[in-house]
Peer 1: 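I have a structure I would like to understand better, so I am pasting it below and will then ask my questions one at a time.
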Amino acid sequence: MDKPQIIAHIEKSLDYTLFDTKWIPCSAKFVVLGSHARGTGAIQIYELSHGQINCVKEIEKAKALKCGTFGASSLQQRYLATGDFDGRMQIWNLETPELPVYSVHGHKEIINTIDGVGGLGIGEGAPEIVTGSRDGAVKVWDPRQKNDPVATMEPGEGETKRDCWAVAFGHAYNKHDRCVGAGYDNGDIKLFDLRNMSLRWETNIKNGVCGLEFDRKDISMNKLVATSLEAKFHCFDMRTQHPTKGFASVSEKAHKSTTVWGARHLPQNRDVFMTLGGNGSLYLWKYNYPTQRVKQDEDKQDMGVAGTLSLLQNVTLSTQPINALDWSPDKEGLCVCSAFDQTVRVLIVTKLNRI
Amino acid sequence: MSKLSASEEKMLMLQHHMRENNMDLETFVKDMNKWEDDIKEKEQKLKSEKAVNGKELPPVRNSLKIKKKRKVKTLKDDDSQGRKPRKRISGYDYRSWDKLDIDKMCNDVDKQEKSDSSDYETDEEWEIERKKQQAAMDKDAGNDYFKRGDYTNAIESYTKGMALDPTNPILPANRAMALLKEQKYAAAEMDCMTALTLDPLYVKAYLRLGSAQFFMKKLQKAKDTFDKVLQLEPQNKQAKLEIEKIEKEMKKEQMVTHDSLAPDVGLVKPITKPPNKRSKKPLRRLEIEEVGVEETDIRQAARSRVEESHSKQRKETESKDNQMFAKFTNPGMINPPAPTPQTDQEPKPVINKTESETKLDLSNVQNEAQASVSPRSEVKSLSPRSFSVPASSFQFQADYKVLKTDMSAFYDYLKKIDPALYPKLFGECLDAEILMNMLKVFQNCYKPAGEDFFPHMQKLTEVKRFGMTVMFFSRKEKQVLQELFDNLKDKGAIQGNDLKSLATKYGVSC
């Protein structure tokens, strides 16, 4: 009975809609992003202090904020990149948040999702931010280049524009290689190779893709978890790409036929991840590798072999969907999550080191 | 001791687990409180540290592919925003008119125009810079391919880079290296030449050129090339080793030549053939585009004549030159194509005989032979005599192109030119070939005619880049020079000091 326990350590009810929450790296603080009832954006910084959380800073911005990341900022600066309801991508210095250090009106509609790489010592190469929007475009930004994205992936003229719900960086294990995964409302998952500027792989998992995450950004692609509507999520083995069959995957049902909002890998153990449920539940999973990750098909082509998933623990915290969760990069087992019940929760997961 | 029932046991287990979980949680929270303090301290430290950005970031992705739009700065905007509108001075306000500084206003207007054009310039420069950077990236890609042994792709990358930045000597030099690996020696040689025109002091290019020439069996040329490397870098080990290798090879070749046939002193142009075929039958390759040498009997006669002349004194040759000089008609003979290695190293009894003389002799013989058979070439020489004194460098170049094959005509032509005009005529481009031809004219026409060519030679030194051209003279060419100076010295008409300083300028001892 060495199952990890998920305990809601601290709960705090807030007066706005929460969309995202992120730990500030190298600190006991986290930011919460959201939307006030009057349609303005909210950034709050909370500090953990002996069983309590105290709001240390509160910032209000003109447009509601949907998502944020520290991934492209250096550990020294820890600038927060955000995407808002108006299609703007902005980078904030949280010490002096009056004006953004970078701002670009990159999308015509809401930015649903954002991810960063190249900062925090995670991922080789240039700092880059990727945004996915309802306008169907996925754009990659370099904070050093004003106004223009360094790469854009969007449907061609005349093609129907799908709502992009999820983006994720991965494969950034050297200066040149880098991939962006993008998930769309129709269940498409596309993998763009930024080095060759080409589409590397695409598939459809039938249900809209709500969340995408590589188990690690800074290694040669290992695993990709894609969560979707209808309580399903898929875990792809990204090491071996078969020319026709693509990547091997295993799928699992969870969260009682509600949406799986996302998956978050434990920074200290890449084979453990948490899925976020539409019914307010959290499921903790472990991926078990098969004895052989690669086999050969009839034509002597390498193809991957998917492993299995085992459920470690689950807990229901709320009646409303949990839309965001972030593991503390500094303290194993500590995480923060936000839910549509306007509550932010600091969670403790014990025994993670004994899995 | 009563045995516990199953349910009781389960209860106990559950209790035990709950206790354990609570303990775990407690230790975790305690741990976390400690961690909170630690991390706060760490954060403080991080904040106090000054930003040290040791890691160099790669360039912004795709930035090199996006062309920068040219900024169109309208002057009007600047005027309306940046500057206060200048008040119009009334015609009666004499004091203001006195203060008005017209010069300053003019300067201002000038500056404005300048800054405007510089803006335009920077955009152009940016574009060039962008291309250069891209070329550098192509070079890196090529180097990567090269390291992996993928020479075809490496060559492709270098070619792309060369198209983007034709001024970079590294690209052709690297492509030459890849071509060498692909055993495309002639192409490699070409690339080295390109690299060297871009950077005449590029040692690596010389080394590769030498190797290419070596592989093509142009041994003498290869040796000259490596000699040049040693001139630039006297300590270059590779060049020394290569020269040794070439000398060995040359000896071997001589042996082979000896065994098979008496080597022809005629004019040989190597043809690219697999080395195994080449080395055994060196004389087969002597059939080259030479005017008048085709007939073997003429060649035979020439050779016997040459051999005869070998044993004679140089003065005899010179006097013969004098006689034959009038008969110079066949243009192809004076300036034969590059001699082959075999001819140089001929172990004949008379070694001090220079090659050019030998060749000259040969041409004489042939001229004689031809003249006796059919004096058809007489007609040709008439036209060059009508050339007038050139007024410009361009005119000289054009005339030279026509005259270079006909030495006597060139001689007549040169006679018309005042030596003082040389610096003007040659401008920037004193070609080694032109210089050499002129020196040959001095040697073969002025000298026998007893005319003084000292002022000519003196004026030549004043031409731009003269020193550079002389520096790259080969041994053979130097020998011609040496003879000219010996002749001058013998005559004794010129003061020793003058002669000596001139000789040093030509890089010859006197």
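Bear in mind the structure is a predicted one, so any value in this text is a computation, not a measurement. Atoms considered below: every heavy atom in the structure, side chains included; atoms not considered: hydrogens, waters and symmetry mates. Protein chains get the first letters and strands the later ones, always in sequence-line order, with residue 1 at the start of each.
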Peer 1: Between A:Leu48 and B:Lys40, does a side chain to side chain contact (heavy atoms under 4.5 Å, CB included) hold up when you go through it step by step?
Peer 2: CA-CA 10 Å; A:Leu48 203 62; B:Lys40 268 172 206 166; over 6 Å; no

Peer 1: Testing the basics here: between B:Trp35 and A:Ser27, what is the closest heavy-atom pair and its distance to 0.1 Å?
Peer 2: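 Shortest heavy-atom contact: CH2-O, 3.9 Å.
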
Peer 1: Return the option, out of A:Glu95, A:Gln5, A:Gln77, with the maximum number of heavy-atom pairs under 4.5 Å with chain B.
Peer 2: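 Highest number of heavy-atom pairs under 4.5 Å: A:Gln5.
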
Peer 1: Using a 3.5 Å distance criterion without hydrogens, assess whether the side chain of B:Glu36 forms a donor-acceptor pair with backbone atoms of A:Ala28.
Peer 2: no

Peer 1: Side-chain donor-acceptor pairs under 3.5 Å in residues 190-207 of chain B, sequence neighbours left out?
Peer 2:
| residue | atom | partner | partner atom | Å |
| --- | --- | --- | --- | --- |
| B:Asp191 | OD1 | B:Arg175 | NH2 | 2.9 |
| B:Asp191 | OD2 | B:Arg175 | NE | 2.7 |
| B:Asp191 | OD2 | B:Arg175 | NH2 | 3.4 |
| B:Thr194 | OG1 | B:Met190 | O | 2.8 |
| B:Thr197 | OG1 | B:Met193 | O | 3.4 |
| B:Thr197 | OG1 | B:Thr194 | O | 2.6 |
| B:Asp199 | OD1 | B:Leu201 | N | 3.1 |
| B:Tyr206 | OH | B:Pro200 | O | 3.2 |

Peer 1: Can you measure from CG (A:Leu75) to NZ (B:Lys42) and round to the nearest 0.5 angstrom?
Peer 2: 7.5 Å

Peer 1: If you count heavy-atom pairs within less than 4.5 Å of chain B, which of A:Ala126, A:Pro127, A:Ala151, A:Cys26 leads?
Peer 2: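 Ranked by heavy-atom pairs under 4.5 Å with chain B, first place is A:Cys26.
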
Peer 1: So for A:Asp142, is it side chain, backbone, both, or neither that comes closer than 4.5 Å to the heavy atoms of chain B?
Peer 2: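 When you check distances to chain B, only side chain atoms of A:Asp142 fall under 4.5 Å.
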
Peer 1: If I take atom CG from residue B:Leu25 and atom NE2 from residue A:His9, how far apart are they, to the nearest 0.5 angstrom?
Peer 2: 8.0 Å

Peer 1: Looking at B:Phe28, does the NZ or CZ of A:Lys331 lie under 6.0 angstrom from its six-membered ring centre and within 45 degrees of the ring axis?
Peer 2: yes

Peer 1: Quick one: pull up CG in B:Asn21 and NZ in A:Lys3 and give me the separation to the nearest 0.5 Å.
Peer 2: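 Atom-to-atom, B:Asn21:CG and A:Lys3:NZ are 10.0 Å apart.
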
Peer 1: With rounding to the nearest 0.5 angstrom, report the CG to CE distance, A:Leu334 to B:Met32.
Peer 2: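 Between atom CG of A:Leu334 and atom CE of B:Met32 there are 5.5 Å.
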
Peer 1: Flag the one option from A:Gly51, A:Ser49, A:Gly333 with the top tally of heavy-atom pairs under 4.5 Å to chain B.
Peer 2: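 Counting heavy-atom pairs under 4.5 Å, the top option is A:Ser49.
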
Peer 1: Just verifying a value: how many Å separate B:Glu43 CD and A:Glu47 CD, rounded to the nearest 0.5 Å?
Peer 2: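 Going from the CD atom of B:Glu43 to the CD atom of A:Glu47 covers 7.0 Å.
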
Peer 1: Would a 4.5 Å heavy-atom cut-off, applied to side chains only, mark B:Ile39 and A:Lys29 as touching?
Peer 2: no

Peer 1: Taking all heavy atoms of A:Gln76 and all of B:Leu46, pick out the closest pair and write down the distance.
Peer 2: NE2-O, 2.9 Å

Peer 1: Got a second to check how far B:Asp24's CG is from A:Ile7's CD1, nearest 0.5 Å?
Peer 2: 8.5 Å

Peer 1: B:Asp38 versus chain A, heavy atoms under 4.5 Å apart: side chain, backbone, both or neither?
Peer 2: neither

Peer 1: Under 6.0 Å from the NZ atom of A:Lys57, do we count more than 12 heavy atoms belonging to anything else shown?
Peer 2: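 Yes, because the 6.0 Å sphere around NZ of A:Lys57 holds more than 12 heavy atoms from other groups.
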
